[in-house]
Number of protein chains: 2
Amino acid sequence: MSKKLGKLSEISEEKIRNFHEYTRLQGLKTTKQRGTILDVFFRMKGHISVEELYDIVKTVNPRIGYATVYRTLHLLVDSGQVEERRFGDGMSRYEGHSEVERHGHMICEECGQILEFFNEELETLQIKLADELEFDIHYHRHELFGSCMDKSSCAKRRKKNPKLK
Amino acid sequence: MSKKLGKLSEISEEKIRNFHEYTRLQGLKTTKQRGTILDVFFRMKGHISVEELYDIVKTVNPRIGYATVYRTLHLLVDSGQVEERRFGDGMSRYEGHSEVERHGHMICEECGQILEFFNEELETLQIKLADELEFDIHYHRHELFGSCMDKSSCAKRRKKNPKLK
DNA sequence: ATTGATAATGAGAATGATTATTATTTAGCG
DNA sequence: CGCTAAATAATAATCATTCTCATTATCAAT
């Protein structure tokens with residue numbers, strides 16, 4: 001953390017506090033590496049892959065290893081501050097937070113762009129359906145695959161998601 | 001296909017016909033191996049992993065290789081007769097058909113049991129939301145993770161999904 | 001501040017699902 | 001039958017992720 005980074009958002013700071021609270025309760029230790037990884041992660045936005053995160057972490061502290069990034073990300077998920085997502089490109093992506101707590105994604109198969117959506121009615125409906133089958137929802141994943149029809153964006157972003165079929 | 005297998009359901013037979021129609025149109029060939037794999041696949045139910053399918057295919061014709069199972073499954077997906085799903089256990093699963101065309105899944109984190117659900121209202125809502133963001137849906141994935149609260153089932157099936165956290 | 005117990009790290013090896021390669025076999029068609 | 005492209009089997013390669021283990025760091029108790 002020798003390098004200076006910009007300011008963190010209010011919500012990110014809270015998530016970092018929650019994370020530390022979690023590790024403390026679990027009897028885990030506070031390390032510089034985790035600090036760096038959290039700092040970098042919560043300054044990024046969108047749906048971040050391990051590689052993307054690792055690449056930036058490297059620029060802050062080149063001695064941090066891949067495994068540590070993985071481990072920290074898992075801890076972040078376990079602590080409930082971050083969610084793990086798997087779209088179709090073969091790797092996990094993590095998102096720290098969003099404007100809305102529970103939301104779905106629309107994934108453009110042309111360019112890989114990811115849009116988020118939220119609808120109260122949808123949430124209610126989900127709970128109703130789960131109740132009918134006596135199922136208790138912890139979290140959900142709602143993904144719509146299709147075309148975003150945003151020509152300029154499609155062309156631009158395709159390159160960044162070559163694996164997306 | 002030397003081994004005799006039970007009868008195929010009406011819908012499975014149709015899917016097999018559709019598959020052959022697809023391969024014919026694509027100029028692809030009909031092989032014994034694919035025949036065997038289809039026969040076995042459509043007699044299985046639920047959300048089938050490549051390994052599960054391969055294990056049974058082996059008992060019918062031990063000379064069939066892993067790669068052929070993968071290739072055939074991909075063809076089945078391409079032909080639109082089968083859907084590929086990825087839940088959280090690290091491998092793809094395939095489902096041939098369901099009572100309902102478009103449906104979601106409730107996945108029990110305790111035991112790995114997968115329930116299916118369908119709701120017309122949900123479908124309509126999805127389309128409405130997509131329209132608002134000018135998004136054209138090709139297919140969707142709607143998964144609710146939680147607990148099925150089916151004690152006996154939970155205990156029984158946990159063994160089969162050791163990876164499920 | 002030092003120690004001791006234990007968690008964390010880093011580097012690289014290992015894993016496991018999936019894909020690619022390649023030599024050989026087979027289907028489909030004249 | 002005989003040709004040609006596609007398919008197969010076996011195996012190597014790939015790639016994200018996890019594990020191993022020797023070393024280092026944290027932190028509570030001394």
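The sequence lines fix the lettering, A, B, ..., with proteins before strands; numbering per chain opens at 1. From a predicted model like this one, the values you see are computed outputs, not experimental measurements.
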Colleague: To the nearest Å, give me how far apart CD1 (I48(A)) and C1' (dA16(D)) are.
Modeller: 18 Å

Colleague: What does the B/S/- profile of nucleotides 3-13 of chain C look like, 5' to 3', with a 4.0 Å heavy-atom cutoff to protein?
Modeller: ---BSSBBB--

Colleague: Take atom CZ of R24(B) and atom C1' of dG28(C), then tell me their distance rounded to the nearest Å.
Modeller: 13 Å

Colleague: With no hydrogens and no angle check, just 3.5 Å: does a side-chain donor-acceptor pair link H105(B) and E95(B)?
Modeller: yes

Colleague: Within the structure provided, determine whether Y22(A) and Q26(A) are in side-chain contact (heavy-atom separation under 4.5 Å).
Modeller: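 Contact flag for Y22(A)/Q26(A) side chains = yes.
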
Colleague: How long is the line joining OH of Y54(A) and C1' of dT18(D), in whole Å?
Modeller: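 Rounding to the nearest Å, OH of Y54(A) and C1' of dT18(D) are 15 Å apart.
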
Colleague: Can you list every salt bridge (charged side-chain N to carboxylate O under 4.0 Å, His left out) pair that touches residues 139-148 of chain A, not counting sequence neighbours?
Modeller: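 Sorted result for residues 139-148 of chain A: R141(A)-E143(B), E143(A)-R141(B).
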
Colleague: Measure CG/D78(B) against C1'/dA7(D) and give the value in whole Å, please.
Modeller: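 Going from CG in D78(B) over to C1' in dA7(D) covers 16 Å.
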
Colleague: Tell me whether the side-chain N/O atoms of H74(A) come closer than 4.0 Å to OP1 or OP2 in dT17(D).
Modeller: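 H74(A) to dT17(D) OP1/OP2: no side-chain N or O under 4.0 Å.
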
Colleague: OP1 or OP2 of dT18(D) sitting under 4.0 Å from any side-chain N/O of Y70(A)?
Modeller: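 No, because none of the side-chain N or O atoms of Y70(A) sits under 4.0 Å from OP1 or OP2 of dT18(D).
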
Colleague: Between P on dA7(D) and CG on L76(B), what's the gap in Å once rounded to a whole number?
Modeller: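 Answer to the nearest Å: 14 Å.
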
Colleague: Would you please say whether a donor-acceptor pair under 3.5 Å links the side chains of E84(B) and S92(B)?
Modeller: yes

Colleague: Specify the separation, in whole Å, of atom CD of E51(B) and atom P of dA17(C).
Modeller: 6 Å

Colleague: Any donor-acceptor pair under 3.5 Å linking the side-chain atoms of E52(B) with those of H47(B)?
Modeller: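 The criterion, which ignores hydrogens and geometry beyond distance, is not satisfied for E52(B) and H47(B).
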
Colleague: Please state how far atom CG in L25(B) lies from atom P in dG28(C), giving the value in whole angstrom units.
Modeller: 14 Å

Colleague: Can a side chain N or O of S92(B) be found less than 4.0 Å away from OP1 or OP2 on dA17(C)?
Modeller: no

Colleague: Under a 3.5 Å threshold, yes or no: a donor from one side chain and an acceptor from the other, between T30(B) and H20(B)?
Modeller: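 Side chains of T30(B) and H20(B): no pair found under 3.5 Å.
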
Colleague: Taking the inter-plane angle between the rings of F117(A) and H142(A) on a 0 to 90° scale, is it parallel (under 30°), tilted (30 to 60°) or perpendicular (over 60°)?
Modeller: perpendicular

Colleague: Please report, rounded to the nearest Å, how far the C1' atom of dG16(C) is from the CE atom of M91(A).
Modeller: 17 Å

